[in-house]
Amino acid sequence: MALAAAMVALALAAAGLVLVLADVATTSAEPQNGAQQAGSPPAKGASESKKGPSLGRTLATANPLYRTGRLADVNCAPGDLPAGSMTAYRRFLTRVTNCLNKAWGAQFRKARLPFTKPRLRIITAKVRTPCGTWNTGADGVYCSTDRTMYLMISKDQLRNPFPLGITRLIAHEYGHHVQQVSGIWNYYWTARSVAGKAKRLQLSRNSELQAECFSSVFMSTMKGTELVTDADWAYTVDWFRKNGAKGWPQNDHGKGPTQAAWMTRGFNRGTPGACNTWSATARNTL
């Protein structure tokens, strides 16, 4: 895709990324199909409550996924995404999700961890999810309560599709699912429940930066293809560097250069182990 088209698509989506946690609602912006990322605490009886916070932290800082090497290349080729076709959009998103299922499913098998696929629900109007009401301007949500990725396709997205951008977005939401089913979020929610404001923001940055890094790891498996050209990827990373933190006054997602750094790290290394934000120094997750 030409850079001009990518620039239009990125600008169109700058209106809406909403993070919804159990007790926080913060509105902000992210490029191409900005997402509402939603989570909820692990259900009672989850592994964290049984095994204690010490093991829970280990699942975040030393998760078996980190030792599985490069993410499986499943030869993902979701096809074209022509403008104006909802059918094409649904087909594209379903194919990308199938690729993510195959790639991460293989990685979980290498880690000898149980794996379940997330659900994908494509919508054209706001819905209420088990994680709460749909927020104005949001394009998508991963709800950990029902382990579903909700993606809303707007008229603007139909008119100006950016295949790399929507793939990056759904891979980011899938990254939150990886955190959920691998046990990483068990530690996240337990730690949040006893943390002060500054620590809670740090935990949020760890989670969001890791999901973005996981997304970039997946994108690296398609490096050099028509979907992920060098020029489009470089432009996208640079957009995040300059604009990724706009609209996040609490700095709960990381500064633009920090987001770009974790994107670059994940893309260049191509391994889940490159995305261990939970062991990173505080200055590398600001």
Side-chain angles (χ1 to χ4, degrees), residues 1-17 30-37 71-106 117-127 138-143 147-178 211-212 214-233 235-237 239-240 263 266-267:
M1 169 173 286
L3 283 179
M7 292 172 68
V8 171
L10 288 170
L12 281 171
L17 173 58
E30 184 168 331
Q32 179 59 33
N33 307 301
Q36 171 182 308
Q37 294 138 25
L71 188 69
D73 185 349
V74 296
N75 298 314
C76 189
D80 296 331
L81 185 56
S85 173
M86 178 59 71
T87 298
Y89 236 112
R90 291 180 182 275
R91 181 173 60 243
F92 185 90
L93 291 172
T94 299
R95 288 175 175 174
V96 171
T97 301
N98 288 339
C99 292
L100 285 158
N101 287 336
K102 292 176 182 177
W104 283 108
K117 301 174 183 177
R119 299 180 182 90
L120 172 65
R121 184 176 174 186
I122 301 168
I123 58 178
T124 57
K126 300 174 184 178
V127 299
D139 292 317
V141 55
Y142 172 71
C143 179
R147 299 189 178 187
T148 298
M149 300 183 298
Y150 298 82
L151 292 179
M152 185 167 65
I153 307 306
S154 69
K155 292 180 180 179
D156 282 341
Q157 291 163 9
L158 280 175
R159 285 193 293 264
N160 297 279
F162 181 25
L164 185 153
I166 190 65
T167 302
R168 183 213 62 79
L169 168 67
I170 197 169
H172 176 107
E173 302 302 341
Y174 205 103
H176 286 309
H177 179 70
V178 169
E212 195 60 51
F214 281 162
S215 172
S216 298
V217 167
F218 175 71
M219 300 301 290
S220 75
T221 67
M222 296 177 284
K223 181 179 181 180
T225 66
E226 185 177 351
L227 177 63
V228 187
T229 67
D230 291 344
D232 280 356
W233 180 252
Y235 181 84
T236 300
V237 173
W239 194 100
F240 272 87
M263 291 174 73
F267 191 79

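Treat the numbers as computed from the prediction; the structure is a model and nothing was measured.
More than 12 heavy atoms of other residues, nucleotides or ligands sit less than 6.0 Å from atom CZ of R90.
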Distance-only check: which donor-acceptor pairs under 3.5 Å involve side-chain atoms of residues 80-87, not counting sequence neighbours?
| from | atom 1 | to | atom 2 | distance (Å) |
| --- | --- | --- | --- | --- |
| S85 | OG | A88 | N | 3.0 |

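A donor-acceptor pair under 3.5 Å links the side-chain atoms of T236 to the main chain of D232, judged by distance alone. Listed for the T148 side chain is no donor-acceptor partner under 3.5 Å among the backbone atoms of C143.
Nearest heavy atoms, V74 versus C99: CG2-O, 3.7 Å. For P163 against L227, the heavy-atom pair with the smallest separation is CB-CD1, 3.4 Å.
Residues Y89 and I122 form no side-chain contact, since every pair of their non-hydrogen atoms from C-beta on lies 4.5 Å or further apart. Considering only heavy atoms from C-beta on, L158 stays 4.5 Å or farther from D156 through its side chain. Side-chain contact between K117 and R147: absent, with no pair of heavy atoms (C-beta onward) separated by less than 4.5 Å.
Every residue two or more places apart in sequence or in another chain was checked for a salt bridge (Lys or Arg N to Asp or Glu O under 4.0 Å) with R95, and none qualifies. F267 meets the ring-ring contact (aromatic ring centres under 6.0 Å, His included) test with W233; sequence neighbours excluded.
Here CG of L151 is found 12.5 Å from OG1 of T124. Values are rounded to the nearest 0.5 Å. Rounding to the nearest 0.5 Å places CD of Q157 at 5.5 Å from CD1 of I166. Rounding to the nearest 0.5 Å gives a distance of 9.0 Å between CG of N98 and CG of L120. Residue I170 holds its CD1 atom at 5.0 Å from CG of L93, rounded to the nearest 0.5 Å. Note that CE of M149 is 6.5 Å distant from CG of L100, once rounded to the nearest 0.5 Å. Interatomic distance, CZ of F218 versus OG1 of T167, reported as 7.0 Å (0.5 Å rounding).
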Derivation and outcome, side chain to side chain contact (heavy atoms under 4.5 Å, CB included), residues D73 and N75 | CA-CA 6 Å; D73 185 349; N75 298 314; 3.9 Å; yes
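Taking the six-membered ring where the residue is Trp, Y142 and H176 present parallel rings, their angle staying beneath 30° rather than reaching 60°.
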